[in-house]
Amino acid sequence: MASQIRVRFAPSPTGYLHIGGARTALFNWLFAQHHGGTFVLRVEDTDRARNTEEAAAAIYEGLQWLGLNWDEGPHVGGDFGPYFQSQRNEIYERYLKKLQDAGHIFEDQGALRFRSPREHVIVDDLVCGKIDFDLSNEQTHPDMTVRRPDGSWIFHFVNVIDDIEMKISHVIRGEDHLSNTPKHIELYRALGAGTPHFAHIPLILNRDGSKMSKRDQGASVDYYIKRGFLPEAVRNYLCLLGWSPKDNREKIPIEEIIPLFDLNKVVRSHATFDPDKLHWLNGEYARELPDDRFQQLGRNALRASGVKLENFCDDYIRAALETCKGKINTFDELAAYCGFYFDDNFNYNPEGAAKHFTSENQPRLVAVRDAFAVLDKFDAAELEATLKATAARLGIKPAALIHPTRLAVTGSNAGPSLYHLLEVLGKEKVLARIDRALTIGR
RNA sequence: GGCGCGUUCGUCUAGUGGUUAGGACACAGCCCUCUCAAGGCUGGUGCACGGGUUCGACUCCCGUACGCGCUGCCA
């Protein structure tokens with residue numbers, strides 16, 4: 001038996017999916033998943049119907065990336081369409097007529113307004129609790145406009161009608177709509193429709209307490225797609241913003257969140273978006289990625305950074321990426337981390353060069369080079385043994401050789417395991433790079 | 001201005017009258033270690049303020065402050 005739970009995400013096609021909108025969509029989706037209900041996507045394009053498809057594409061892309069697939073809406077259809085407000089004019093006309101016939105509508109300079117009954121309206125919110133709004137004062141609560149003189153519709157009106165028509169059972173939306181809710185309820189009543197359940201979820205703010213807006217870095221889901229974040233990590237992080245499993249877990253698979261998710265566990269206060277924590281959580285997911293997916297995402301990231309992978313053979317790329325597993329948090333860090341595999345003309349880290357390319361280390365590096373040069377097997381185990389033997393012969397600690405060698409072949413003080421990286425690079429490149437360092441380093 | 005919501009470490013949160021106020025990110029130190037990560041250990045920082053109620057308040061009530069939202073012929 002199908003559940004009667006129906007929720008919707010109703011974005012305006014702005015050309016990007018806001019991180020707060022994504023979280024609202026996520027909570028709706030989770031609620032639907034939890035109850036075996038239906039998740040509807042509706043595009044609220046009352047105002048700017050022109051480039052709707054194009055502007056909505058970014059929203060589809062963001063939702064799909066996060067795995068928030070809708071059961072009804074654009075592309076997938078459904079029994080309550082169309083799912084674009086710009087195509088629902090007849091429905092709105094019909095409802096307007098109904099209100100007009102009942103005497104709820106009056107004209108004001110060409111615009112149409114809904115006459116408020118002017119009473120107290122109790123909003124019984126699933127997150128915020130019961131709230132009493134006093135709408136009796138016309139000065140503070142003017143009659144809302146439902147239609148502009150040019151015939152276009154106002155959000156409050158069409159939003160309510162669509163929720164009625166689409167049989168939405170739970171309206172889960174941002175807290176910025178809480179104060180609008182009593183007006184909406186007046187409309188439901190005037191239309192003789194039952195009111196849905198409401199749940200207003202707290203807003204996501206910037207570090208400085210301001211509302212995240214389009215201009216803020218990281219306010220768009222697209223930002224995380226481009227920066228090589230993992231959708232499951234972003235989704236997990238978003239779940240933790242305003243909701244908690246209450247058992248101290250942070251990293252939770254979505255399959256485990258679904259049965260746990262409930263509106264009454266949604267926090268009432270605003271949340272500040274913390275990029276650091278997302279970064280950490282992404283690393284948690286990145287570290288346990290299956291090899292094939294890591295390889296795929298790694299290659300994508302390198303190509304996006306301008307690395308010409310076509311100039312290298314597949315085994316080499318594979319081996320190179322293998323040494324990076326578990327080392328990066330987001331894939332946009334990859335090029336900086338292992339770009340040396342694909343570029344012989346890298347620069348040396350200045351601090352590192354000052355510290356390790358010293359006259360004292362010069363002969364040591366030569367010793368390493370010579371030891372490596374006579375090796376037949378150029379694998380990690382052999383390289384490690386050789387380097388350590390060389391250190392012992394010189395009467396110094398392996399570290400005294402390791403650091404200059406790493407800098408010489410990678411240009412950096414940090415990176416993948418030295419012995420493995422040397423193996424991947426291969427004898428020819430390793431020797432050439434040490435030679436280059438010996439020239440430049442003096 | 002009016003109305004509404006909110007306020008536990010810097011941040012996300014647990015906590016529903018009696019707790020050494022817990023966890024996580026970030027930060028610092030130590031351990032491990034071929035670097036960097038990861039991992040382990042340790043540490044510091046918190047109940048906005050003022051009144052009540054109560055034997056006892058982070059928890060309940062009132063007020064103040066601060067933040068946010070709404071107050072559009074934006075959504």
Side-chain angles (χ1 to χ4, degrees), chain A residues 10-14 21 44-48 85 108-113 123 125 127-129 131-135 137 139-142 144-156 158-159 173-183 200 202-205 207-211 237 240-251 265 267-281 283-284 286-287 324-329 333 337 352 356 380 383-384 387-388 391 397-403 405-407 410 412-422:
Chain A
S12 168
T14 50
E44 305 219 330
D45 56 346
T46 54
D47 209 27
R48 48 212 122 176
Q85 291 187 330
D108 177 19
Q109 290 173 28
L112 299 183
R113 288 180 184 273
V123 175
D125 192 273
V127 173
C128 305
I131 305 164
D132 185 345
F133 289 90
D134 180 1
L135 305 191
N137 188 335
Q139 299 304 309
T140 55
H141 294 88
M144 70 172 135
T145 306
V146 297
R147 191 177 208 178
R148 303 185 187 86
D150 69 359
S152 59
W153 305 96
I154 300 300
F155 157 77
H156 302 291
V158 295
N159 180 271
R173 69 213 324 186
E175 197 192 279
D176 48 341
H177 287 300
L178 182 57
S179 296
N180 291 326
T181 306
K183 294 193 293 190
H200 288 90
L203 266 22
I204 298 177
L205 306 178
R207 289 262 219 213
D208 64 1
S210 64
K211 191 174 168 181
Y237 178 71
L240 262 23
L241 238 35
W243 175 84
S244 164
K246 298 186 188 291
D247 63 2
N248 285 340
R249 282 190 298 168
E250 309 288 335
K251 179 172 177 293
K265 274 188 271 191
V267 171
R268 279 163 285 260
S269 54
H270 295 169
T272 303
F273 194 87
D274 184 359
D276 286 337
K277 187 157 183 176
L278 205 207
H279 184 257
W280 163 78
L281 192 56
E284 291 290 300
R287 263 165 236 121
C324 302
K325 272 200 74 176
K327 300 286 202 164
I328 54 165
N329 278 21
E333 296 165 11
Y337 190 76
H356 300 299
L383 287 158
E384 178 166 4
L387 186 137
K388 284 182 175 168
K397 287 192 283 190
L401 259 28
I402 286 166
H403 297 297
T405 305
R406 173 185 295 284
L407 187 66
T410 72
S412 172
N413 299 319
S417 159
L418 177 65
Y419 307 117
H420 291 87
L421 134 204
L422 291 170

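Computed over heavy atoms, backbone and side chain alike; hydrogens, waters and symmetry mates excluded. So you know, we letter chains A, B, ... as the sequences are listed, proteins then strands, and number each from 1.
Between His270(A) and Glu175(A), the closest side-chain pair of non-hydrogen atoms falls below 4.5 Å. At least one side-chain heavy atom of Pro416(A) sits under 4.5 Å from a side-chain heavy atom of Tyr337(A). Using a 4.5 Å heavy-atom cutoff, the side chains of His177(A) and Phe155(A) are in contact. Ile131(A) has its side chain out of reach of His200(A): every pair of non-hydrogen atoms, C-beta onward, lies at least 4.5 Å apart.
Rounded to whole Å, the distance from NZ on Lys327(A) to C1' on rU35(B) is 8 Å. In this structure, Leu135(A) atom CG and rC3(B) atom C1' are separated by 10 Å, rounded to whole Å. The interatomic distance linking Asp134(A) (CG) with rG2(B) (P) rounds to 15 Å, in whole Å. The distance between atom CG of Asn413(A) and atom P of rA37(B), rounded to the nearest whole Å, is 12 Å. Between Glu175(A) atom CD and rG69(B) atom P there is a gap of 10 Å when expressed in whole angstrom units. Arg406(A) has its CZ atom 16 Å from the P atom of rU33(B), to the nearest Å. If you take CZ of Phe133(A) and C1' of rG69(B), they are 10 Å apart, rounded to a whole angstrom. With rounding to whole Å, Ile204(A) atom CD1 is found 13 Å from rU11(B) atom C1'.
Across all strands shown, Tyr337(A) has heavy atoms under 4.0 Å from base atoms, whether or not it also approaches the sugar-phosphate. Within the 4.0 angstrom heavy-atom criterion, only backbone atoms of the sugar-phosphate kind lie near Arg268(A); the bases stay farther away. Across all strands, Leu418(A) comes closer than 4.0 Å to base atoms (heavy-atom distances). Using a 4.0 Å heavy-atom criterion, one finds that Glu333(A) contacts no nucleic acid atom at all. In this structure, Gly283(A) reaches neither bases nor backbone, as no heavy-atom distance under 4.0 Å exists between it and the strands shown.
In the displayed structure, His420(A) atom NE2 is contacted under 6.0 Å by at most 12 heavy atoms of other residues, nucleotides or ligands. Counting non-hydrogen atoms of neighbouring residues, nucleotides and ligands closer than 6.0 angstrom, the CZ atom of Arg287(A) exceeds 12 such neighbours. Heavy atoms of other residues, nucleotides or ligands lying less than 6.0 angstrom from NZ of Lys397(A) number 12 at most.
In this entry rC70(B) has rG2(B) as its Watson-Crick or G-U wobble partner, both defining distances falling under 3.5 Å. Using N1 to N3 plus N6-O4 or O6-N4 for Watson-Crick, or N1-O2 and O6-N3 for G-U wobble, each under 3.5 Å, rA14(B) pairs with nothing. With a 3.5 Å ceiling on both atom-pair distances, rA57(B) lacks any Watson-Crick or G-U wobble partner. Pair assignment for rA28(B): rU42(B), on the basis of Watson-Crick or G-U wobble contacts that are both within less than 3.5 Å. Pairing partner, rC49(B): rG63(B), with both Watson-Crick or wobble hydrogen-bond distances short of 3.5 Å. For rA21(B), there is no paired base (Watson-Crick or G-U wobble, both distances below 3.5 Å).
Looking only at distances, no side-chain donor or acceptor of Tyr237(A) sits under 3.5 Å from a matching main-chain atom of Phe273(A). When atom types are taken as modelled, the side chain of Thr410(A) and the backbone of Ser412(A) share a donor-acceptor pair closer than 3.5 angstrom. In this structure a side-chain-to-backbone donor-acceptor pair under 3.5 Å is missing from Asn180(A) to His156(A). A distance-only check finds a donor-acceptor pair linking the side chain of Arg148(A) to the backbone of Trp153(A) [under 3.5 Å].
The C1' atoms of rC30(B) and rG67(B) are separated by 40 Å, rounded to the nearest whole Å. Taking atom C1' in both rU11(B) and rC27(B), the straight-line distance is 12 Å, to the nearest Å. When the P atom is used for both rC3(B) and rG63(B), the distance is 12 Å, rounded to whole Å. Only the C1' atoms considered, rC9(B) is 12 Å distant from rG22(B), to the nearest whole Å. Here, rC12(B) and rU20(B) have their C1' atoms 24 Å apart, quoted to the whole Å. rA57(B) and rA21(B) have their P atoms separated by 15 Å, given to the nearest Å. Separating the C1' atom of rU33(B) from that of rG39(B) is a span of 11 Å, rounded to the nearest Å. Comparing the P positions of rU45(B) and rG51(B) gives a spacing of 25 Å, expressed to the nearest Å.
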With 3.5 Å as the limit, what N/O pairs link the protein to nucleotides 70-73 of chain B?
unit_1	atom_1	unit_2	atom_2	d
rC73(B)	OP2	Arg113(A)	NH1	3.4
rC73(B)	OP2	Arg113(A)	NH2	3.4
rC73(B)	OP2	Thr145(A)	OG1	2.8

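For Ser417(A) against rC34(B), a side-chain-to-base donor-acceptor contact under 3.5 Å is present.
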Using a 4.0 Å cut-off on protein heavy atoms (strictly under), produce a 5'-to-3' string for nucleotides 20-29 of chain B with B for base contact, S for backbone-only sugar-phosphate contact, and - for none.
--BBBB----
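For Thr46(A), a side-chain nitrogen or oxygen approaches OP1 or OP2 of rA75(B) to under 4.0 Å. In this structure, Lys246(A) reaches the rG15(B) phosphate: one of its side-chain N or O atoms is under 4.0 Å from OP1 or OP2.
Each of His270(A) and Phe155(A) was matched to the nucleotide of RNA chain B holding its nearest heavy atom; the match closer to the 5' end belongs to His270(A).
Asp276(A) has a carboxylate O that lies under 4.0 Å from a charged side-chain N of Arg207(A), or vice versa, which qualifies the two as a salt bridge.
Of the candidate nucleotides rU13(B), rC3(B), rA75(B), rA75(B) has the atom lying nearest to any side-chain atom of Glu44(A).
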